[in-house]
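A short write-up of the structure that comes next.
Remember, it's 1-based here, ligands and their atoms both numbered in the order they're listed. In this chain, residues are counted from 1 in sequence order.
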Amino acid sequence: MGKGGFQCPYCGVGCGLVSVRVNGNGKTPLVDEVIPTPLKVRADKNHPANRGLICLKGVTIPQTLDKNRLTEVLYREDIESSFKRISWEEAYNLLAEKFKSLSPEEVYFYISGQLTTEDSYVINKFAKGFLKTNNIDANSRLCMASAVVAYKKAFGSDGPPCSYDDLEDADVFLFIGSNAAVAHPVLFNRIQRSRKPDTVVVTVDPVETETVKKSDFFININAGTDTVLLNSVLHLLYKKGWIDWDFVKNYTEGFEKALEEASKYPPHVAAKICGIRERDIELLAYLFANAKKLVSFWSMGLNQSVNGVAKNLALINLHLATGRLGDRGCPFSLTGQPNAMGGREVGYLTNGLPGYRDVSNERDRREIETLWGVKGINPKPGAVITDAIDLMLEGRIKLLWVVGTNPAITLPRLDKVWRALERVFLVVNEAYADADTLKFANLVFPAQVVPEKEGVMTSSDKTLTFINRQVEPPPNTKPDWLIFTEFAQRLGGEKLFPYRDRGEIFEEFKKTTKERLCDISAFDERDLPKRWGGKHLYRQGEGWKFKTESGKAKFHPTPWEVADVDKDLWRERGLENLLEEDEFILTTGRLKNQWHTMTKTGKSELLMKTELPPFAVMHPKDAAALGLSEWDVIRITDGEREIYRVLFLRRIKRKHIFTYFGYPLWYTDTPTNLLLEDRTDPLSREPDLKFRRVRVEFVEKFPLGEG
Ligand code: SF4
């Protein structure tokens, strides 16, 4: 990696980037100089994640750094009043008084996969080690919680078994519930670049996405039915005699029960439920059986579901049944955020502790208590964020501290969320003055973003990258680890939070990983990027040893669950015949040039140039049946809440309607998650943000040419 580079702060691909200083005539780039003016960035050709590739979001990072930044600490007693500027000292004192008046369980922290490892580590230690509350969750709950649970159930740990080194020599790639061409573009481009004549790319999606357009095969599936499809493939593999019995017998357990569940979905049954052809199922079974190396990728399409863990496990079952691990393939969960993996390492969800430990495990607690020099870490996992919203509405959580995320747009049931945010004393660490959550804030700390601050992040494939500071941060801003360190010291935590600089935090964190799966204790941050766990985690000699009690990977039965629609009627009639003419399944996803709630990417003129007004997509035949045309403004409603979108017609599964999940309030009054329910997968507690039965109706013609 080029000296002095940094990791892109957007998606989990974790691209290495470097700064370029433009000389006097604007032509000769001098690479790797720190604090260049003006900042320009390009890909690091030596970084293992991207090998010289970059996407438009990465290129435009500099355009997002200097607009609408917060540079003052702001306070107001209640949200009807205006903010006034106060000093850091005043803010810490005021907040310390608040904390002293509350019990630990009345306080809640909601943090982010966009923070550095050092930021997350300090905040997690502050909550779990100092206050002794596990009331801390991260936006990763909305992102990869289902993948974490599934990996743990199948492999005994949520360490992904694969790496980016698995990309170039695979001949079959399966994208399911992932629009990687848009959400993880550099990874997708790496695959496109290394394509050989016999490479096959298959995408399973309800929508004809960018990924679909560049695939060889498109399985246009009904939303919410991935478990059915994958069960059916397992059933067919068995029927065809395509199970890798050597692998199954030597390295796995539980196959029979998984097969029993799968056999409820023979291809003719599954095809009807999924709205696909039987030969789509045969294609997948054939590829799993006959590929040289098959890598499957997934992200929110599998994770954000009431059936999220089962969807993940059903896919992993196929890899186990065909021995597709290591040099023969891998199931690869793509993390949405740049440091979701670092968050896993520091254990920043409600149940985690550093070094892939769990609060409910006594030995894990004792080890961390010894390392931190504390006693009494709470053994009970804290409330997940959707439950915490209810507790706020009941008045049982009174103070919420949000760090580096925008729950006023991203959480489901926004009507409830907004009421909850109004009810609590809301503290927000935020870099941008127009972030939606600030509308509800009482106290705002001006924060720094990458690449204004140093730190470490971990990509989807477990590679740690050091972020060298590239530009001076705006005046009067601080990194999140420093805000929490200073505040903890104010509360009497000098001994636990003695840090004089970020490097001391990273060194302390490293110790918590010693002899753990994610052991980075011997890593020197000057040698990053570096991956933990090797190319293939769990590989032992010629065989496999997993982190389960028996050392074998586990199959799991994966029953199909879905909300809003009667499963038996669906199985009998098919989805299309169940819904009335104006009824649709709402599903959500990404925009090509925007990232999450547009707080950063929305500030780039280049990225905004091609943005349409907030829109939704439906199939032309469904639109015709309702008398709708392109550029009609439509109302999408569940009967209680509604959103408004401009209609476009595209190839999408019949009776489905798609919109972007992250439209902020400055772009529309009706963000998408007003309509999404706060129901969750029972195991991962990840909300279902991809499936909602709604009605659609015409409102007016969009006023083209005006304004
Ligand atoms: Fe950044 Fe992801 Fe684009 Fe890489 S692919 S430059 S990590 S947004």
**Asked** How close does the nearest protein non-hydrogen atom get to atom 3 (Fe) of ligand 1, and which residue and atom is it?
**Response** Cys55 SG, 2.3 Å
**Request:** Answer yes or no for Arg344 and Tyr356: cation-pi contact, defined as NZ/CZ to six-membered ring centre under 6.0 Å and angle to ring axis within 45°.
**Result:** no
**Asked** Looking just at side-chain N and O atoms, do Ser296 and His319 make a donor-acceptor pair shorter than 3.5 Å?
**Response** yes
**Prompt:** N/O/S of Cys15 less than 2.8 Å from atom 3 (Fe) of ligand 1?
**Reply:** no
**Prompt:** Regarding Thr672 and Thr588, is there a side-chain donor-to-acceptor distance under 3.5 Å anywhere?
**Reply:** no
**Prompt:** Does a donor on one side chain sit under 3.5 Å from an acceptor on the other, for Thr405 and Asn139?
**Reply:** yes
**Request:** Using a cut-off of strictly less than 2.8 Å, determine whether Cys11 has an N/O/S atom near atom 2 (Fe) of ligand 1.
**Result:** yes
**Asked** If you count the atoms of ligand 1 from 1 in the order shown, which ones are under 4.0 Å from a heavy atom of Tyr10?
**Response** 8 (S)
**Prompt:** Nearest protein heavy atom to atom 1 (Fe) of ligand 1, by residue and atom, and its distance?
**Reply:** Cys8 SG, 2.3 Å
**Prompt:** Does a side chain donor of either Asn312 or Asn303 reach within less than 3.5 Å of an acceptor in the other side chain?
**Reply:** yes
**Request:** Could you list the atoms of ligand 1 found under 4.0 angstrom from a heavy atom of Val186?
**Result:** 4 (Fe), 5 (S)
**Prompt:** Under the 6.0 Å and 45° cation-pi test, does Lys603 pair with Tyr432?
**Reply:** yes
**Fill in**
ligand 1 to Gly14, heavy atom cutoff 4.0 Å, flagged ligand atoms 7 (S)
